There are 2 protein chains.
Amino acid sequence: MSVTPVRDRRAERTAATRREILDAAWELVRAEGLAALTMRDLGTRVGMRAQSLYGYYASKHAIYDAMFADGNRELLRRKRDLPESADPEQLVRLHGRLFLDFAVEDPVRYQLLFQRTLPGFEPSPESYTPAVEVLESGRAALRACGIRSQRAMDAFTALNAGLAAQQTSNEPGGTRWLRLADEMWDMYFARYRAPTSKGTR
Amino acid sequence: MSVTPVRDRRAERTAATRREILDAAWELVRAEGLAALTMRDLGTRVGMRAQSLYGYYASKHAIYDAMFADGNRELLRRKRDLPESADPEQLVRLHGRLFLDFAVEDPVRYQLLFQRTLPGFEPSPESYTPAVEVLESGRAALRACGIRSQRAMDAFTALNAGLAAQQTSNEPGGTRWLRLADEMWDMYFARYRAPTSKGTR
DNA sequence: GTCTATATTTGGATAGAC
DNA sequence: GTCTATCCAAATATAGAC
């Protein structure tokens, strides 16, 4: 009689190779641009022929999709590592800083996750799930500050998106816009946290 | 003896065709995405073979470059049409509104002009000239408001870039972020225009 | 000025041997 | 699981006829 081992060594090996391909894909797009990903180049990087990649991913599109999910999961992981005990406003600032750091440390990843720039690419519902969780974790932090209106939440995301976009497209690697963040968050809280101002709840 | 006519009808015709090709290129990328521009498709749109386009533009890159200059010239033209007599803060708001309208009315153009997303594309110095003028006109409007520091100017551009980016990538065609603009500009002026606050000059 | 013809390269993807 | 072989399509660009 045949027995079924508890560990599937084959499956583990496959998963490891998939991971390796994904990492190589990130390296490639970081070096050449998001749209410059090709199966040939990617194969070369992992020491395979392009055709062999199809044993791990059904298509190039599937690779972008895996990258989209991967990036969002990474961001979510970091958000979960934030201290829970900080006071509410400090926590919002930590979320903001986390987002900015995440954006500027890898502009191409930011482009894939938050800018709609790849013609024809649409993340699959499965890959989109962690992206929704990311969004929700930010909203929860704002709610804990008493900021509940859609407008006020949208203003916060716009502010951060603007800093990230300006920094990455005008001075990649620098801090010219990054260092404005605290000042702009002061300004934001002065306007949107004041309990008496209209439109905050 | 041969005489030289004052009008060069041939050159005029060529310029008109170049313009026609440029317009078709804009249509194409608006429909298919910035990176989806191909000489074949473009040729089809203007009723030519792809090869014939090379009589008007030396390369596909040259077409992107002409589009970059074209978009910036259009923005500059609109900025010059702004009323000169408005009070300084109103004028800054008009610049902001102009920018936002310009961004959302054609997200692909915004992508080409303000986001660095085309692998390998770098505008030529000539095409970059109008882009510099665009920037300078915004800075002049802020200066007229007493806003002179780099920080304060950068904060304003970040704020607008954020609204434009959020609107175009999360709700293209909508107004969810656009309608926050006035409120955020109020907030901005309250912080950066106050003569006594630090960092405004 | 536009065409046909063609060179050349590149890229996604499949079939089947080992 | 990776390879060779190959296909097919698409894309940029040049040469030369009309």
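Below, chain A is the first sequence line, B the second, and so on; all start at residue 1. Computed from a predicted model, the values in this text were never measured in an experiment.
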Would you mind reading off the distance between A:Leu42 atom CG and D:dT2 atom P, rounded to a whole angstrom?
13 Å
B:Gln166 and A:Thr157: side-chain donor and acceptor closer than 3.5 Å?
yes
Report which part of the nucleic acid A:Thr17 touches: base, sugar-phosphate, or nothing (heavy-atom distance under 4.0 Å, all strands).
nothing
Just call it for A:Thr38: base, sugar-phosphate, or nothing, with non-hydrogen atoms closer than 4.0 Å on any strand.
sugar-phosphate
B:Gln51 CD - C:dA5 C1' separation (whole Å)
9 Å
Looking at D:dA13, C:dG12, D:dT4, which one has an atom nearest to any side-chain atom of A:Lys60?
C:dG12
Side chain of A:Arg10 (C-beta onward), nearest among D:dT14, D:dT4, D:dG1
D:dG1
Distance below 4.0 Å between A:Ser52 side-chain N/O and D:dG1 OP1 or OP2
no
Do A:Gln150 and B:Arg176 have side-chain atoms, one donor and one acceptor, less than 3.5 Å apart?
yes
In this structure, how many angstroms lie between the C1' atom of D:dT14 and the CE atom of B:Met39, rounded?
12 Å
Please give, in whole Å, the distance from D:dC3 C1' to A:Leu53 CG?
13 Å
Backbone N/O of B:Leu37 and side chain of B:Lys60: donor-acceptor pair under 3.5 Å:
yes
What is the nucleic acid contact for B:Thr14, judged by heavy atoms within less than 4.0 Å: base, sugar-phosphate only, or nothing?
sugar-phosphate
Okay, side chain of A:Tyr188, backbone of A:Ala152: is any donor-acceptor separation there less than 3.5 Å?
yes
Roughly, in whole Å, what's the span from OH in B:Tyr54 to P in C:dA5?
19 Å
Find the distance A:Asp41:CG to C:dT10:C1' and express it as a whole number of Å.
10 Å
Could you give me the CA-CA distance, side-chain angles and deciding distance for B:Phe99 and B:Phe114, then say whether ring-ring contact (aromatic ring centres under 6.0 Å, His included) is met?
CA-CA 11 Å; B:Phe99 175 80; B:Phe114 299 109; 5.5 Å; yes
Using a heavy-atom cut-off of under 4.0 Å over every strand shown, decide if B:Tyr56 touches base, sugar-phosphate, or nothing.
sugar-phosphate
Is there a donor and acceptor pair, one atom on the side chain of B:Arg40 and one on the base of D:dA11, closer than 3.5 Å?
yes
Please work out if B:Ile63 contacts a base, only the sugar-phosphate, or nothing of the nucleic acid, heavy-atom cut-off 4.0 Å.
nothing
Rounded to whole Å, how long is the line connecting atom CD1 of A:Ile21 with atom P of D:dG1?
12 Å
Look at all strands and tell whether B:Leu37 reaches a base, only sugar-phosphate, or nothing, counting heavy atoms closer than 4.0 Å.
sugar-phosphate
Roughly, in whole Å, what's the span from CZ in B:Arg9 to C1' in C:dG1?
17 Å
Nucleotide nearest A:Met48 when distance is taken to its side chain, options D:dT2, C:dC3, C:dA5:
D:dT2
